[in-house]
Amino acid sequence: MKKWFVILFLLVSLRGIAQDKIAITDEDYQNTKVEMADLMRSEGKIYVLVGIIGIVFVGILVYVISTDRKAARLEQLIKEK
């Protein structure tokens with residue numbers, strides 16, 4: 001019974017996020033201008049965005065490394081006993 005609820009929920013949620021198709025034109029293939037990036041670059045906000053992404057990446061990297069060291073320490077303690 002639980003399996004059927006999960007399947008029903010997935011079907012309903014997939015239907016909810018479905019989008020209508022948008023026609024692709026030749027202009028879409030030749031578009032080389034990214035308006036959002038140009039605007040952010042002109043206002044200097046792109047550097048803030050890159051900085052935040054870098055800080056988040058470094059934070060995740062430090063967390064993974066520290067977790068690995070803790071796990072290695074625990075493995076050594078288990079081997080010693």
Side-chain angles (χ1 to χ4, degrees):
M1 188 68 165
K2 190 175 182 181
K3 183 170 113 177
W4 290 107
F5 283 124
V6 171
I7 292 172
L8 179 66
F9 177 73
L10 286 174
L11 290 175
V12 170
S13 65
L14 288 176
R15 176 67 180 145
I17 60 173
Q19 298 177 358
D20 293 332
K21 289 188 176 183
I22 299 173
I24 298 175
T25 62
D26 290 333
E27 293 175 4
D28 294 329
Y29 289 112
Q30 297 172 358
N31 187 9
T32 59
K33 185 176 180 182
V34 181
E35 295 172 10
M36 180 189 65
D38 291 337
L39 178 68
M40 290 182 75
R41 193 177 300 120
S42 69
E43 294 178 358
K45 292 180 181 178
I46 193 80
Y47 303 111
V48 174
L49 178 66
V50 170
I52 290 172
I53 290 171
I55 290 169
V56 168
F57 180 72
V58 168
I60 291 171
L61 189 65
V62 167
Y63 174 74
V64 167
I65 290 171
S66 68
T67 304
D68 182 51
R69 287 183 181 174
K70 288 178 185 178
R73 242 184 271 135
L74 287 173
E75 287 174 356
Q76 287 179 353
L77 285 174
I78 291 173
K79 285 182 183 179
E80 289 176 0
K81 291 183 179 182

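Numbering of residues begins at 1 and proceeds along the displayed sequence.
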Would you please name every residue forming a side-chain contact (heavy atoms from CB on, under 4.5 Å) with Ile55, sequence neighbours left out? none

For residues 58-66, dump all side-chain donor-acceptor pairs below 3.5 Å to protein atoms at least two apart in sequence or in another chain.
residue: Ser66; atom: OG; partner: Val62; partner atom: O; Å: 3.2
residue: Ser66; atom: OG; partner: Tyr63; partner atom: O; Å: 2.9

In Å, rounded to the nearest 0.5 Å, how long is the span from CD of Gln76 to CG of Leu74? 9.5 Å

With sequence neighbours excluded, tell me which residues meet salt bridge (Lys or Arg N to Asp or Glu O under 4.0 Å) with Glu43. Lys45

Are Ile46 and Val48 connected in the hydrophobic side-chain network, where two residues link if heavy atoms are under 4.5 Å apart? no

